[in-house]
K.L.:
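After the structure tokens below, expect a handful of questions from me.
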Amino acid sequence: MTIRVIIVDDQAMVRAGFAALLSAQTDIDVVGEAPDGREGVRVARSAHPDVVLMDVRMPEMDGLAAAREILEAPVGVVHRPKVLMLTTFDVDDYVYEALRAGASGFLLKDAPPADLIAAVRIVAAGEALLAPSVTRRLIADFAAQRPAPRKGPAALRLNGLTPRETEVLELIARGLSNQEIAGRLVLAEQTVKTHIGRVLAKLELRDRAQAVIFAYEAGVVRPGDPG
């Protein structure tokens, strides 16, 4: 199946470069481009992409606001693409907020071409793009800048998890890959995938990215905790 992609970035050369790279792949089709977030929302509504590559900082409407509009579509709009944020910064507050809004991950603009191609495929397949090392640095850094985790409703939702599922959630939030979680818990990798699926379903989370945010906000892990 061909992956339909749109590219939203205020730099024409970036859009052209990404479009050329992705269009050269037999399983990826670039179906639209936009120079700002507002136009990006319009193109996303009309082109029905599977993945939106969304720059963070743009005029008219920034990537965060655009991602929210796309992911929180009004009643009657049934198509909701995956959003992959693009940034030139290793640590960017907009990216954290975008993950909370439902974006499936982020990618640095200077990442190798192969990483961009892989990222589109990963996000299109329903996975979150949060490399373990990036998860540890980015999410922990931002969580450290915010107030203590909000207990209340988030903590109550944890009651529906089994002890093993809670362990898996904690290790996701610490930035471990499925393979690393399997090794830590002495489980088969497929079993880990099953546990992750159940965690997401029980907590009504869209993907792994939201699971990381939820774990910090519910107090499952805290910045500075030993890994």
Side-chain angles (χ1 to χ4, degrees), residues 1 3 25 27-28 50-51 71 81-85 87 90-91 95-96 98-108 111-144 149-151 154-227:
M1 186 182 75
I3 302 168
Q25 311 307 308
D27 60 336
I28 299 175
D50 300 301
V51 177
L71 294 167
K82 306 291 184 181
V83 175
L84 177 60
M85 305 302 297
T87 179
D90 243 355
V91 176
V95 174
Y96 178 89
L99 294 177
R100 291 191 63 194
S104 293
F106 79 97
L107 187 71
L108 295 177
D115 286 3
L116 173 63
I117 296 166
V120 168
R121 289 171 176 154
I122 288 169
V123 170
E127 298 291 328
L129 187 75
L130 282 176
S133 61
V134 171
T135 302
R136 296 182 185 111
R137 181 178 67 250
L138 179 80
I139 305 299
D141 282 352
F142 283 121
R150 299 193 297 267
K151 298 286 186 178
L156 288 176
R157 287 164 67 189
L158 290 172
N159 293 338
L161 301 184
T162 66
R164 178 63 86 191
E165 289 165 353
T166 303
E167 280 184 295
V168 169
L169 175 61
E170 177 183 345
L171 295 177
I172 290 173
R174 293 194 188 287
L176 274 67
S177 66
N178 288 2
Q179 186 176 17
E180 290 169 331
I181 294 173
R184 180 76 66 91
L185 299 180
V186 195
L187 296 172
E189 194 167 342
Q190 185 57 49
T191 302
V192 171
K193 290 180 181 178
T194 300
H195 282 310
I196 292 173
R198 288 174 179 163
V199 168
L200 297 180
K202 287 182 178 182
L203 297 178
E204 299 181 339
L205 302 173
R206 185 179 289 108
D207 55 31
R208 195 185 192 100
Q210 287 198 326
V212 173
I213 301 298
F214 177 89
Y216 274 98
E217 294 192 335
V220 175
V221 290
R222 292 177 174 80
D225 283 354

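In this text, all values refer to a predicted model and were calculated from it rather than measured experimentally. Values reported hereafter were calculated over all heavy atoms of this structure, with side chains retained and with hydrogens, waters and symmetry mates removed.
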K.L.:
Might you point out which heavy atoms bring Asn178 and Ile196 nearest each other, and give the distance in Å?
P.N.:
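Where Asn178 meets Ile196 most closely, the heavy atoms are OD1-CD1, 3.2 Å.
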K.L.:
Is there side-chain contact between Leu158 and Leu169, with heavy atoms separated by less than 4.5 Å?
P.N.:
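SC-SC contact between Leu158 and Leu169 confirmed.
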K.L.:
Ignoring hydrogens and angles, tell me if any N or O in the side chain of Lys202 forms a donor-acceptor pair with the backbone of Gly160 under 3.5 Å.
P.N.:
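Yes, Lys202 side chain to Gly160 backbone: donor-acceptor pair under 3.5 Å.
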K.L.:
Enter the distance from Glu167:CD to Glu165:CD here, rounded to the nearest 0.5 Å.
P.N.:
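One gets 10.5 Å once the value is rounded to the nearest 0.5 Å.
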K.L.:
Taking only Lys NZ, Arg NE, NH1 and NH2, and the carboxylate oxygens of Asp or Glu, determine whether Arg184 and Glu180 approach each other closer than 4.0 Å.
P.N.:
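Judged by the 4.0 Å cut-off on N to carboxylate O distance, Arg184 and Glu180 do not form a salt bridge.
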K.L.:
Atom CD1 in Ile181, atom CZ in Arg174: separation rounded to 0.5 Å?
P.N.:
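Result: 11.5 Å between the selected atoms.
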K.L.:
Counting neighbours of CD on Glu189 that are heavy atoms of other residues, nucleotides or ligands and sit closer than 6.0 Å, is the number greater than 12?
P.N.:
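It does: Glu189 CD has more than 12 such atoms within range.
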K.L.:
Is there side-chain contact between Leu200 and Phe214, with at least one heavy-atom pair below 4.5 Å?
P.N.:
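No; the side chains remain at least 4.5 Å from each other.
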K.L.:
Testing the basics here: between Pro81 and Leu71, what is the closest heavy-atom pair and its distance to 0.1 Å?
P.N.:
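Minimum heavy-atom contact is O-CD2, 3.6 Å.
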K.L.:
Taking C-beta and beyond as the side chain, do Leu185 and Thr191 meet within less than 4.5 Å on heavy atoms?
P.N.:
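The answer is no; the side chains never approach within 4.5 Å.
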K.L.:
Give, for atom OG1 of Thr166 and atom NE2 of His195, the distance between the pair rounded to the nearest 0.5 Å.
P.N.:
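Result: 11.0 Å between the selected atoms.
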K.L.:
Please name the pair of heavy atoms, one in Ala119 and one in Leu107, separated by the smallest distance, quoted to 0.1 Å.
P.N.:
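Closest pair (atom of Ala119, atom of Leu107, distance): CB-CD2, 4.1 Å.
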K.L.:
Side chains of Leu161 and Leu203: closer than 4.5 Å at any heavy-atom pair?
P.N.:
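The answer is yes, as the side chains (C-beta and beyond) meet within the 4.5 Å cut-off.
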K.L.:
Less than 4.5 Å apart, side chain to side chain, heavy atoms only: is that true for Leu187 and Arg164?
P.N.:
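Side-chain contact under 4.5 Å: yes.
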K.L.:
Measure the CG-CG distance between Leu108 and Leu116 for me, rounded to the nearest 0.5 Å.
P.N.:
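So the CG of Leu108 and the CG of Leu116 are separated by 11.5 Å.
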K.L.:
Work out which heavy atom in Val51 is nearest to a heavy atom in Val120; give both atom names and the distance.
P.N.:
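For Val51 and Val120, the tightest heavy-atom pair comes out as CG2-O, 3.9 Å.
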K.L.:
Looking at every non-hydrogen atom in both residues, tell me the closest pair between Leu205 and Ala211 and how far apart they are.
P.N.:
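Looking at all heavy atoms of both residues, the closest pair is CD1-CA, 3.6 Å.
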K.L.:
Nearest 0.5 angstrom please: Ile117 CD1 to Asp27 CG, how far?
P.N.:
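Rounded to the nearest 0.5 Å, the CD1-CG separation comes to 9.0 Å.
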